[in-house]
There are 2 protein chains.
Amino acid sequence: MKNLKYSRQRESIKSFLAKRTDHPTADTIYEELRKDFPNISLGTVYRNLTLLEDLGIIIKITSSYGADRYDGNTLLHNHFTCTECHRVIDLEMDNIDHIKNVASQQFSGLIEGYVANFYGRCDNCL
Amino acid sequence: MKNLKYSRQRESIKSFLAKRTDHPTADTIYEELRKDFPNISLGTVYRNLTLLEDLGIIIKITSSYGADRYDGNTLLHNHFTCTECHRVIDLEMDNIDHIKNVASQQFSGLIEGYVANFYGRCDNCL
DNA sequence: TTCGTTGCAAATGTTTTGCACCTGA
DNA sequence: TCAGGTGCAAAACATTTGCAACGAA
């Protein structure tokens, strides 16, 4: 992996994500950072998001609805997506890591991890 | 929901997916169907895939790598994605539906379902 | 000075859509 | 007949990339 150099833009993306819990998209982050960096480009945002994800500092959440979302909380947790308003919410729930073992049982490859996404309707949309 | 009319293209997509277990992309399906329907268009393939998904006849698998994939097997099962060759494989594993209850416990919305995707390296790539 | 980083714009890859024509019921 | 389906092409989106200029070490 290559050497990293300090960049104000990257730091800003990192700290922005650290204080949000609503899993913004790259575009939301871009619009937000433009307040501090009027000339920042979407390309820079994407490049840094990919970088931060590779470093394990943030998580990318892909769902079948719309653009990817980013999460500054890398502590193991699962997500819920509302099928109506498409909000993505952190779930507080007991650890379900054992499903990795269940999946491994009759599988000949190597299971390194899993992503569990729950869906339904959030309390706002019920 | 609107009335459906028979279409050879749709039937062909349906039966094609029914006999594959490798979760092809829309483009793969398109290329394959062109053998029978030289003039079929990608738009038609996408329109029918969306339709079949809405009808619950097929499943769409979204992952963070590349295009969506489609699965003709709607019996409850989970998938494994190889991080190296990006193959998507059906997992034969014990039922883990109980994770829905685990997730519901401290959640105020309504959890209707979940998607569990496992990843790692398949036996070919080990 | 060096090499990673940025802004900009163009390109890419995937999916959706408008429209005129076609087809099944 | 007529609403739904199709092919085609253009558009819409999300994301990536080439390049010349910039900036941190």
Side-chain angles (χ1 to χ4, degrees), chain A residues 1-17 22-55 57-71 81 86 88 117, chain B residues 1-17 22-55 57-71 81 85-86 88:
Chain A
M1 198 177 279
K2 67 178 175 181
N3 284 333
L4 286 194
K5 220 176 262 185
Y6 171 88
S7 111
R8 270 176 301 152
Q9 289 88 334
R10 188 186 306 134
E11 284 309 305
S12 184
I13 291 174
K14 200 199 294 188
S15 68
F16 176 70
L17 277 178
D22 66 342
H23 320 90
T25 60
D27 197 66
T28 302
I29 298 168
Y30 167 64
E31 290 299 342
E32 202 61 32
L33 290 218
R34 271 171 55 155
K35 294 173 182 166
D36 291 328
F37 303 86
N39 294 319
I40 198 173
S41 78
L42 244 189
T44 296
V45 172
Y46 273 108
R47 270 187 291 237
N48 279 306
L49 287 172
T50 303
L51 198 50
L52 292 171
E53 193 201 357
D54 289 348
L55 293 172
I57 293 173
I58 64 171
I59 289 173
K60 178 164 81 167
I61 308 167
T62 300
S63 81
S64 61
Y65 181 82
D68 290 343
R69 290 160 172 278
Y70 295 87
D71 189 342
T81 304
H86 305 115
V88 175
N117 275 309
Chain B
M1 197 178 277
K2 67 179 176 181
N3 283 332
L4 286 194
K5 218 178 266 185
Y6 170 88
S7 111
R8 270 175 301 151
Q9 289 88 333
R10 187 186 308 135
E11 284 309 306
S12 184
I13 291 173
K14 200 198 297 190
S15 68
F16 176 69
L17 277 177
D22 67 342
H23 320 91
T25 61
D27 198 66
T28 302
I29 298 168
Y30 167 66
E31 290 300 342
E32 203 61 32
L33 290 218
R34 271 170 55 153
K35 293 172 182 165
D36 290 328
F37 303 86
N39 295 319
I40 198 174
S41 77
L42 243 189
T44 296
V45 172
Y46 273 107
R47 270 186 291 237
N48 279 306
L49 287 172
T50 303
L51 198 50
L52 292 170
E53 192 201 359
D54 289 347
L55 293 172
I57 293 173
I58 64 171
I59 289 173
K60 178 165 82 167
I61 308 168
T62 300
S63 81
S64 61
Y65 181 81
D68 290 343
R69 290 161 170 279
Y70 294 87
D71 189 341
T81 304
C85 69
H86 305 115
V88 175

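To find a chain, count down the sequence lines: A is the first, B the second, and so on, and within it residues start at 1. The shown structure was predicted, so the numbers you read here are calculated from the model rather than taken from an experiment.
With sequence neighbours excluded, the residues forming a side chain to side chain contact (heavy atoms under 4.5 Å, CB included) with A/Thr28 are A/Arg20, A/Pro24, A/Thr25, listed by chain and number. For A/Thr62, the side-chain hydrogen bond (donor to acceptor under 3.5 Å, both in side chains) partners two or more places apart in sequence, or in a different chain, are A/Asp68. Partners of A/Lys5 according to the side chain to side chain contact (heavy atoms under 4.5 Å, CB included) rule, which considers only residues two or more places apart in sequence or in another chain, do not exist here. Annotation: side-chain hydrogen bond (donor to acceptor under 3.5 Å, both in side chains) contacts of A/Glu32 (sequence neighbours excluded): A/Lys35. The side chain to side chain contact (heavy atoms under 4.5 Å, CB included) search around B/Leu51 returns B/Leu4, B/Arg10, B/Asn48, not counting sequence neighbours. In this structure, the side chain to side chain contact (heavy atoms under 4.5 Å, CB included) partners of A/Arg47, at least two apart in sequence or on a different chain, are A/Thr44. A search for side-chain hydrogen bond (donor to acceptor under 3.5 Å, both in side chains) contacts involving B/Thr50 returns nothing, not counting sequence neighbours.
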B/S/- contact track for nucleotides 8-13 of chain D, protein heavy atom under 4.0 Å: B-----

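Counting any heavy atom pair closer than 4.0 Å across all strands shown, B/Asn48 reaches sugar-phosphate atoms only and no base atom. Residue contacts for B/Asp27: at a heavy-atom cut-off of 4.0 Å it reaches no nucleic acid atom on any strand shown.
One interatomic measurement links the two molecules: CG of B/Leu42 to C1' of D/dG7, which rounds to 11 Å at whole-angstrom precision. Atom C1' of nucleotide C/dT23 and atom CG of B/Leu4 are separated by 15 Å, given to the nearest angstrom.
The terminal axes of the helix from C/dT1-D/dA25 to C/dA25-D/dT1, fitted over 5 pairs per end, subtend an angle of 30° to the nearest 10°.
Where B/Ala67 and B/Ser7 meet DNA chain C, the nucleotide closest to each residue was compared, and B/Ala67 sits on the side nearer the 5' end.
Using a 4.0 Å cut-off between a side-chain N of Lys or Arg and a carboxylate O of Asp or Glu, B/Glu11 and B/Arg8 do not qualify as a salt bridge.
The ring-ring contact (aromatic ring centres under 6.0 Å, His included) contacts involving residues 23-47 of chain B comprise B/His23-B/His79, where partners must be two or more places apart or lie in separate chains.
Non-hydrogen atoms lying under 4.0 Å from DNA chain C are contributed by nothing in residues 57-64 of chain B.
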Review item, nucleotides 20-23 of chain D N/O atoms under 3.5 Å of protein N/O:
| from | atom 1 | to | atom 2 | distance (Å) |
| --- | --- | --- | --- | --- |
| D/dG23 | N2 | A/Lys5 | NZ | 2.6 |

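Each of C/dG7, D/dG4, D/dT15 was ranked by its minimum atom distance to the side chain of B/Asn3; first place goes to D/dG4.
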